[in-house]
Amino acid sequence: MNCVLLHPQIDTATDRVTLNALDLKIGKATVTYGDQTLAAQDIQFDADQETACFVFGTPIPPGGASLAVEFTGELNDKMKGFYRSKYFSATGEERYAGVTQFEATDARRCFPCWDEPAIKATFDITLVVPKDRVALSNMPVREERVSDADETLRVLRFDRTPVMSTYLVAVVVGEYDYVEDKSADGVLVRVYTPVGKREQGRFALDVATKVLPYYKDYFNIAYPLPKMDLIAISDFSAGAMENWGLITYRETFVLVDPENTSLIRKQSIALTVGHEIAHQWFGNLVTMEWWTHLWLNEGYASFVEFLCVDHLFPDYDIWTQFVTDMYTRALELDCLRNSHPIEVPVGHPSEIDEIFDEISYNKGASVIRMLHHYIGDEDFKKGMHVYLTRHQYRNTSTEDLWNALQEASSKPVGEVMSTWIKQMGFPVVRVLSSQQLDGSRRLLRIAQEKFCADGCQPAEPFRWLIPINVSTPASANAVSTVLEADTAEITVEGVKEHDWVKINPGTIGYYRTQYPADMLEQFLPAIKDTTLPPLDRNYTVWSSITNCLAKLQLLLAHTPVEKQFGEYGVRLYQPVAAKLGWDVKPGESHLDTLLRSLVLGRLVSFGCPKTVAEAKRRFEEHAQNKRVLPADLRSTCYRAVLQNGDLATYDEMLRLYRATDLHEEKDRISRALGSIGNVDILRRVIDFAMSEEVRAQDAVFVIVSVALNPKGRDMAWDYFCERWQVLLNQYEGGFLLARLIKYLTENFSTEERALEVERFFREHDFPGTERTVSQSIETIRLNADWMRRDLDAIAAYLKQQQEQQQS
């Protein structure tokens with residue numbers, strides 16, 4: 001039996017106390033005030049509201065009181081609340097760790113509490129655990145002793161936490177090794193790893209010890225806890241979670257094996273560590289009032305992680321990747337009619353998980369990046385210090401942040417930013433005309449309107465206050481203004497007649513730009529001689545092209561032009577692949593290494609015979625232990641081998657999967673299995689995904705890899721329709737279910753499929769996925785419209801390209 005002791009302040013006399021509680025069996029509850037103790041006469045549970053009400057029969061008077069509740073709970077398998085995480089010991093024995101994941105509303109699955117971010121408290125945590133297990137919580141251990149009841153157990157009392165929200169409380173019990181170091185500002189940092197893998201924690205340790213003093217200087221506020229633990233968890237639904245002082249991670253988001261970890265994964269780990277540690281200030285020290293303001297936490301941390309990694313790893317050239325990894329993904333979702341504003345009202349817990357999406361994270365980060373540029377770094381830092389100092393250990397709304405930044409910058413931050421936070425969508429800034437005036441001046445007439453994926457303007461008016469920057473060959477910042485009206489005129493100085501003029505250089509503003517044909521032509525020389533800044537060319541451009549062509553390849557599958565489109569893709573990418581080669585060159589840039597993986601991967605997906613043959617050759621050497629395949633190229637080579645593979649190929653991949661104990665490698669292999677071209681084997685892949693061999697956190701992405709293969713798309717959807725109850729039981733109330741539904745459905749391209757998906761989800765209840773379903777159905781119809789409108793034109797273009805190639 002567990003016990004929680006709460007110390008509420010009673011404002012008005014009452015005979016009942018209501019707390020949040022879910023999946024708990026409550027034995028008894030007593031309340032003590034003064035020298036009086038009352039036992040609850042009745043406990044009333046409300047499953048829908050996830051509460052327990054203790055009825056005492058006698059009113060409790062105003063003043064301080066103590067509420068003691070005895071309860072038992074279950075160590076569940078749902079990766080939320082207090083759950084068990086399976087791992088294997090060094091000798092191969094199956095073991096379990098106890099892990100907490102409380103965001104957003106799952107502390108109530110572990111202990112009765114007031115489980116809302118604004119109801120902050122201090123926490124005194126005591127654990128009784130086996131002697132040979134590591135036990136961690138938010139704070140360091142204050143006292144340790146052998147259990148009086150059982151000498152194989154030890155009792156650990158942890159220091160009292162600062163005032164904090166329930167969703168940030170954390171406990172982990174299991175077997176772990178660790179590496180440790182102290183940051184320059186004196187914080188003890190440890191990275192906990194599976195037993196025998198402590199060296200894989202070194203990279204994250206190095207990042208964390210440098211991140212802490214960087215944020216201390218940036219915010220001008222010291223990290224408020226005495227220690228910082230980062231721990232790799234075997235079963236974990238999210239990428240990571242910012243519990244105060246005890247950050248939990250998927251293994252693939254914290255462990256680095258120098259021989260087996262790809263460069264893109266290492267970069268992702270640096271970003272994730274930077275993101276979660278940013279939360280220690282922004283989210284933990286100062287917390288949103290309610291989940292409506294979730295974006296305050298996530299959008300901000302998603303921006304600052306890039307600031308931080310750019311500071312620590314300038315060679316990553318990370319801001320050139322922000323555009324494709326964060327900004328563009330936000331635009332893709334935000335142009336739908338079923339998008340949502342950054343700040344969206346939420347009520348029931350089932351509504352919360354669904355807003356952990358590209359709008360809260362990616363759009364949030366993009367508009368904060370725009371704001372950072374608008375007011376400048378120095379004023380941004382000053383404003384952040386004001387905000388964090390003024391509201392530390394308390395709760396805020398979005399307006400509190402705007403007020404602090406406005407105070408620091410003397411710019412109308414609240415007025416400008418409210419148009420980006422409270423409205424759904426984003427504008428397109430169109431250049432209506434460009435007129436060369438006398439001398440070296442040019443007059444641009446510009447207009448704004450909402451950008452809609454279907455091309456139809458909404459009935460209701462939309463208008464943004466848009467920070468506009470203009471660059472020219474002579475000046476990176478020739479004009480800086482705010483577009484307030486529907487149309488405006490801008491005069492640009494120092495522009496010759498044939499010079500290019502670029503609106504939104506560096507893609508800082510969160511909007512699309514449309515130019516007349518003559519202005520577009522003026523960019524061509526600057527693209528050819530690379531005088532445009534790198535944010536507007538190179539890896540970022542190829543990444544954008546790749547995103548578009550990958551989508552087109554999915555839509556054009558099973559059409560008469562499928563083969564010609566693949567040949568077109570090969571012709572497009574081959575010159576880049578020839579320039580880069582297969583092997584890393586001495587001194588090559590970080591982005592060239594990433595570009596190699598990107599380009600070779602696309603050539604494999606387009607079926608380039610030369611690339612596939614070389615990939616297979618390298619794989620054979622790797623499988624026979626003759627030559628280790630670089631981690632950056634493994635996904636490409638695995639997919640090349642599997643695309644036309646048979647059962648023997650499938651079995652060989654399973655052998656490699658079972659032979660590795662590195663989660664990243666298992667993840668890479670299992671996702672590559674989805675590229676097999678045989679539908680019967682793809683069904684085996686899904687069965688494998690749902691087996692005990694694949695962790696529940698990874699199974700979704702294996703099924704998605706099958707759905708993203710045109711050969712497996714229909715079968716994966718049929719499987720979902722057959723096994724929906726199993727999948728719902730496993731993933732209900734988490735973002736993984738919404739992610740699965742999105743990728744299973746959004747690449748269909750007929751009205752019949754749209755109606756089928758619509759009907760299925762009308763007849764089957766999937767709480768917390770309603771917006772995702774609406775977005776997918778809208779996307780299917782947009783795909784169908786595109787096919788009707790453009791398929792013939794695409795066919796004619798590809799035929800022309802083919803004929804030119806042959807002539």
Side-chain angles (χ1 to χ4, degrees), residues 79 235-239 250 252-253 264-265 268 325 329 332-333 353-354 356-358 361 546-547 550-551 553-555 557 601 604-605 635-636 638-639 642-643 650 653 657 663-679 681-691 693-724 726-728 730-732 734-749 753 757 760-761 766 768-769 771-773 775-777 779-780 783:
M79 293 184 286
D235 295 297
F236 199 73
S237 63
R250 272 189 184 221
T252 51
F253 280 90
I264 195 81
R265 173 56 55 189
S268 177
D325 293 350
R329 285 175 58 198
E332 286 170 357
L333 178 56
D353 281 316
E354 203 174 13
F356 283 79
D357 64 2
E358 280 87 354
Y361 283 74
T546 296
N547 290 339
K551 174 75 174 178
Q553 190 175 20
L554 286 170
L555 292 179
V604 164
S605 72
S635 288
T636 294
Y638 294 165
R639 287 189 295 108
L642 284 162
Q643 270 179 176
Y650 174 65
M653 278 296 179
Y657 178 91
H663 188 187
E664 180 183 343
E665 181 69 357
K666 283 185 180 291
D667 205 34
R668 197 155 37 216
I669 294 168
S670 61
R671 293 187 191 210
L673 293 173
S675 57
I676 291 172
N678 181 299
V679 178
I681 303 176
L682 284 174
R683 178 57 196 243
R684 291 193 183 205
V685 172
I686 290 185
D687 290 337
F688 167 70
M690 296 299 290
S691 73
E693 282 197 79
V694 178
R695 296 170 181 173
Q697 63 177 25
D698 301 321
V700 162
F701 298 102
V702 181
I703 297 170
V704 163
S705 74
V706 174
L708 292 177
N709 177 348
K711 302 282 175 54
R713 186 188 304 158
D714 292 345
M715 184 272 292
W717 169 243
D718 291 343
Y719 177 89
F720 179 84
C721 294
E722 292 164 18
R723 302 292 300 278
W724 67 270
V726 173
L727 292 161
L728 181 62
Q730 176 67 60
Y731 297 111
E732 184 178 358
F735 81 98
L736 287 176
L737 185 60
R739 193 65 55 91
L740 178 62
I741 290 169
K742 170 182 166 69
Y743 289 113
L744 278 174
T745 57
E746 71 173 7
N747 291 308
F748 290 131
S749 56
R753 279 298 198 195
V757 173
F760 178 86
F761 287 103
F766 281 74
T769 67
R771 184 178 283 113
T772 301
V773 170
Q775 290 166 350
S776 284
I777 292 166
T779 302
I780 295 169
N783 293 343

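- Without hydrogens or angle criteria, Thr779 side chain to Gln775 main chain gives a donor-acceptor distance under 3.5 Å.
- Side-chain atoms of Arg713 come within 3.5 Å of backbone atoms of Leu554 as a donor-acceptor pair (strictly under, hydrogens ignored).
- Listed for the Glu693 side chain is no donor-acceptor partner under 3.5 Å among the backbone atoms of Tyr657.
- Remark: the backbone N or O of Ser675 is not paired with any side-chain donor or acceptor of Gln643 at under 3.5 angstrom.
- For Ser705 against Gly674, the heavy-atom pair with the smallest separation is OG-CA, 3.3 Å.
- Counted within 6.0 Å of NZ on Lys551, heavy atoms from surrounding residues, nucleotides or ligands total more than 12; the atom is thus considered enclosed.
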Step-by-step side chain to side chain contact (heavy atoms under 4.5 Å, CB included) determination, Val704 to Leu740: CA-CA 6 Å; Val704 163; Leu740 178 62; 4.1 Å; yes
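- Asn709 places no side-chain N or O within 3.5 Å of a backbone atom of Gly677 that could act as its donor or acceptor partner.
- Between the CD atom in Gln697 and the CD atom in Gln730 there is a gap of 11.0 Å [rounded to 0.5 Å].
- Here the closest non-hydrogen pair linking Gly239 and Phe253 is O-CB, 3.7 Å.
- Contact check for Leu736 versus Phe701: side-chain heavy atoms found under the 4.5 Å cut-off.
- Taking the six-membered ring for Trp and thresholds of 30 and 60 degrees, Phe761 and Trp717 have ring planes inclined between 30 and 60 degrees apart.
- Taking the side chain to side chain contact (heavy atoms under 4.5 Å, CB included) definition, one finds that Val726 meets it with Met690, Arg723, sequence neighbours left out.
- Between Val685 and Tyr650 the shortest side-chain heavy-atom distance falls below 4.5 Å.
- Asp698 places no side-chain N or O within donor-acceptor distance of the main-chain N or O of Asp667, the cut-off being under 3.5 Å.
- In terms of modelled atom types and a separation under 3.5 Å, the side chain of Arg695 and the main chain of Asp235 share no donor-acceptor contact.
- The NZ atom of Lys711 sits 9.5 Å away from the CG atom of Asn678 when rounded to the nearest 0.5 Å.
- The shortest distance between side-chain heavy atoms of Arg684 and Ile676 does not fall below 4.5 Å.
- Put simply, the side chain of Arg265 gets close to the backbone of Thr252: a donor and an acceptor are under 3.5 Å apart.
- Ring centroid separation for the pair Phe748 and Phe760 does not come in under the 6.0 Å cut-off.
- Rounded to the nearest 0.5 Å, atoms CD1 (Ile669) and CZ (Arg639) are 14.0 Å apart.
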Derivation and outcome, side chain to side chain contact (heavy atoms under 4.5 Å, CB included), residues Tyr719 and Val706: CA-CA 11 Å; Tyr719 177 89; Val706 174; over 6 Å; no
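- To the nearest 0.5 Å, atom CG of residue Asn747 and atom OG of residue Ser776 are 9.0 Å apart.
- Here Asp718 does not pair with Arg683 in a salt bridge; the nearest charged N to carboxylate O distance is not below 4.0 Å.
- The side-chain heavy atoms of Ile703 and Leu744, taken from C-beta on, include a pair separated by under 4.5 Å.
- Once rounded to the nearest 0.5 Å, the distance linking CD1 of Ile777 with OG1 of Thr745 reads 7.5 Å.
- Ala696 and Met79 make their closest contact through CB-CE, 3.9 Å (heavy atoms, listed as atom of the first residue, atom of the second, distance).
- Here the shortest heavy-atom pairing between Trp724 and Cys721 reads CD1-O, 3.1 Å.
- Here the straight-line distance linking atom CD of Glu722 with atom CE of Met715 works out to 10.0 Å at 0.5 Å rounding.
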Stepwise side chain to side chain contact (heavy atoms under 4.5 Å, CB included) check, Leu737 with Phe766: CA-CA 9 Å; Leu737 185 60; Phe766 281 74; 3.7 Å; yes
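- Tyr731 and Ala699 get closest at one heavy-atom pair: OH-CB, 3.5 Å.
- Pairing each heavy atom of Ser749 with each of Leu555, the nearest pair is CB-CD2, 4.1 Å.
- A salt bridge links Glu665 with Arg668: at least one charged nitrogen is closer than 4.0 Å to a carboxylate oxygen.
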